[in-house]
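Owing to the predicted nature of the structure, the values given are computational and were not obtained by experimental measurement. Chain identifiers are assigned alphabetically (A, B, ...) following the order of the sequence lines, protein sequences preceding nucleic acid strands; residue numbering begins at 1 within each chain.
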Amino acid sequence: MASGSNSLMWFRKGLRIHDNPALEYSAKNSNYLYPVFVIDPHYMEPDPTAFSPGSSRAGLNRIRFLLESLVDLNSSLRKLGSRLLVLKGEPSEVVIRCLKEWDIKKLCFEYDTEPYYQALDAKLKNHASVAGIEVFSPVSHTLFNPADIIQKNGGKPPLSYQSFLKLAGQPSWAASPLSTTLSWLPPVGEVGNCEISDVPTIKELGYEDFGEDNSTLFKGGESEALRRLGESINDKEWVANFEKPKGDPSAFIKPVTTVLSPYLKVVQKSVKRHTSPPVSLLGQLLWRDFFYTVAFGTPNFDRMKENRICKQIPWNDDEELLVAWRDARTGFPWIDAIMVQLQKWGWMHHLARHSVACFLTRGDLFVHWEKGRDVFERLLIDSDWAINNGNWMWLSCSSFFYQYNRIYSPISFGKKYDPNGNYIRHFIPALKNMPKEYIYEPWTAPLSIQSKAKCIIGKDYPKPVVSHDYASKECKRKLAEAYELNKKLNGRVSEEDLRCLRRKLEKDQNPESSNLKRKKQMLIG
DNA sequence: TGTCCGTTGCACGT
DNA sequence: ACGTGCAACGGACA
């Protein structure tokens, strides 16, 4: 093969062999192909100071999910005559060292819009251009190229889903044929002085083994994703009638996450009667692209300050309330059950996410959305930078959605789907025997009932941290004032302005319901 | 400036 | 299961 040369396929997010243009390209006309994944120890090393088992950035579920995905990727590559080379270190340094060591002429990786990867990729592209290495970095993580959409809109990202749809039009794959399935990959060449390891196990990374109840829930990897997808897609009725908003957040259903694009095409053709966006399956992917586009076009998308699209709101910094929420100790069984599911499974229904996000921020506790975002990012196995931040701004009425008087009730919202409280009983064993009349508000149960259920509120299960009626009214009042200030100052609200507003809000607080009284009320209530 | 609309609110009515 | 009132936001477009 005289024309052939060495290629490096750098895997980051798209840990798959199907529908992977970077991988296909890297295999073309190559003598040797080096499929690489770099483990950044910073991301994987146990952090004993973190609030849950895991590293400083990721919970154990996320790490486990990633490792399973890597094991699966490795086994898929082996079936094609290749294998996954796992290296450790700072990713740009490791990859640059590999490029030299293996005399790479072609570097391939999936294009990524996240700021972290934008910076990383710029470094590598710069190195490659100096070294005369070809870089192939196709857009394959999203249906559209966010940069195209932003350009079409005159340089700014669309801020509503509808305007995004108008700009986006049809995804390019609607007209193109399915990509071919790989049947063979070039061999891996000599690895020289680069230190290659196998995919580490959880134990090798220094973590305790999982309890058996966690180990079978959501297996990571493309094979499992395709299996799940296949199951769903073959159920044509399910696909045709799929409407996300109507899903029951208390049902123990499992998510369809990624790798949908090659299959959706088949779906669209074979299912005649299907719902149309925004509620169809395709609609879900377009939502994903919407958030990617806004995130890409918005500097400081992941914080409130200096974020053009984010309302400046005087959130509080109440560590006690945050921790109660995070550790499932709010005293609201619906909220706490969801947070337990998040801790244990790393996944919960999107409406359940809405409930707890609203509760933490604009609905009840008025804690900064960035705090909740951090908890989700750490614990969710499907967490995604653009979507997570976008949804937190949405739910906290900081951007995209502004009807702050529509508040999810931590009591009645769950009740309408699950009047018996089975979801709560499943995740909060302490409340297992609470009669259904009281299970959403156990603090209202007479003491005799609490005794009979072997669950004394304040001892076996916490009292509510706030009164929802009072707290939600306070939140509405604060948001009204904050919105007024944002309007008055045209969004340019300084830290001093926010401090000033905080003082005003404190002063105007209904004296009958001051902090102290509120706590007393709760003891009685 | 006004009007319509917005992936997923609640409480109460039928 | 669906409709109504509640209270009332910003973005898109005329």
Send over the distance from [X] [atom1] to [N] [atom2], rounded to a whole Å.
{"X": "A:Trp394", "N": "B:dT8", "atom1": "CH2", "atom2": "P", "answer": "6 Å"}
{"X": "A:Tyr161", "N": "B:dT8", "atom1": "OH", "atom2": "C1'", "answer": "14 Å"}
{"X": "A:Arg477", "N": "C:dA7", "atom1": "CZ", "atom2": "C1'", "answer": "18 Å"}
{"X": "A:Ile338", "N": "B:dT8", "atom1": "CD1", "atom2": "C1'", "answer": "14 Å"}
{"X": "A:Gln162", "N": "B:dT7", "atom1": "CD", "atom2": "C1'", "answer": "9 Å"}
{"X": "A:Lys473", "N": "C:dC6", "atom1": "NZ", "atom2": "P", "answer": "17 Å"}
{"X": "A:Asn391", "N": "B:dT7", "atom1": "CG", "atom2": "P", "answer": "12 Å"}
{"X": "A:Phe290", "N": "B:dT8", "atom1": "CZ", "atom2": "P", "answer": "12 Å"}

By salt bridge (charged side-chain N to carboxylate O under 4.0 Å, His left out) - contacts of [X] (at least two apart):
{"X": "A:Asp121", "result": "A:Arg12"}
{"X": "A:Lys13", "result": "A:Asp112, A:Glu114"}
{"X": "A:Arg62", "result": "none"}

task = Could you note down all residue pairs passing salt bridge (charged side-chain N to carboxylate O under 4.0 Å, His left out) where residues 321-342 of chain A supplies at least one of them, sequence neighbours left out?
result =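 Those involving residues 321-342 of chain A are A:Asp327-A:Arg329.
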
ask   = With stacking defined as ring centroids separated by under 5.5 Å and planes differing by under 30°, is A:Trp287 stacked against B:dT7?
value =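 Stacking is present between B:dT7 and A:Trp287, given that their ring centres fall under 5.5 Å apart and the planes under 30°.
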
Quick test: give all pairs of protein nitrogen or oxygen and nucleotides 10-14 of chain C nitrogen or oxygen below 3.5 Å, distance rounded to 0.1 Å.
from, atom 1, to, atom 2, distance (Å)
C:dC13, OP1, A:Lys166, NZ, 3.4

ask   = What string of B, S and - do you get for nucleotides 9-14 of chain B, 5' to 3', if B is base contact, S is sugar-phosphate-only contact and - is no contact with any protein heavy atom under 4.0 Å?
value = BSS---

remark   = Stem ranges of DNA chain C by first residue number, counting only runs of at least 3 Watson-Crick or G-U pairs under 3.5 Å, come to B:1-6 with C:9-14, B:9-14 with C:1-6

query = Listed by chain and number, what are the ring pair (Phe, Tyr, Trp, His ring centres under 6.0 Å) partners of A:Phe290, not counting sequence neighbours?
reply = A:Phe164, A:Trp287, A:Phe400

inquiry  = Holding to ring pair (Phe, Tyr, Trp, His ring centres under 6.0 Å), I want the full list of residues that pass it with A:Phe376, two or more places apart in sequence or in another chain.
reply    = A:Trp392

task = Say whether A:Gln450 and A:Tyr438, considering side chains only, have a donor N or O and an acceptor N or O under 3.5 Å apart.
result = no

remark   = side-chain contact (heavy atoms from CB on, under 4.5 Å) filter on A:Ala295, not counting sequence neighbours, yields A:Phe301, A:Trp385, A:Ala386

task = Check whether any side-chain heavy atom of A:Phe51 lies under 4.5 Å from a side-chain heavy atom of A:Leu379, and answer yes or no.
result = yes

Compile the donor-acceptor pairs under 3.5 Å between side chains in residues 360-372 of chain A and protein atoms, sequence neighbours left out, one pair per line.
from, atom 1, to, atom 2, distance (Å)
A:Thr361, OG1, A:Ala357, O, 2.8
A:Arg362, NE, A:Leu395, O, 2.6
A:Arg362, NH1, A:Arg406, O, 2.7
A:Arg362, NH2, A:Arg406, O, 3.2
A:Asp364, OD1, A:His468, ND1, 3.2
A:Asp364, OD2, A:His468, ND1, 2.6
A:His368, ND1, A:Glu370, N, 3.0
A:Glu370, OE2, A:Met304, N, 2.6

Distance check, [atom1] atoms only: [N] and [M], in whole angstrom units.
{"N": "B:dG6", "M": "C:dA7", "atom1": "C1'", "result": "16 Å"}
{"N": "C:dC6", "M": "B:dG2", "atom1": "C1'", "result": "23 Å"}
{"N": "C:dA8", "M": "B:dC4", "atom1": "C1'", "result": "14 Å"}

ask   = Which residue pairs pass the side chain to side chain donor-acceptor pair (under 3.5 Å) test when at least one of the two sits in residues 489-498 of chain A, sequence neighbours left out?
value =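 The answer is A:Ser494-A:Asp497, A:Glu496-A:Arg499.
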
A:Met393 backbone acceptor or donor facing A:Ser399 side chain under 3.5 Å =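 No, because the side chain of A:Ser399 does not come within donor-acceptor range (under 3.5 Å) of the backbone of A:Met393.
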
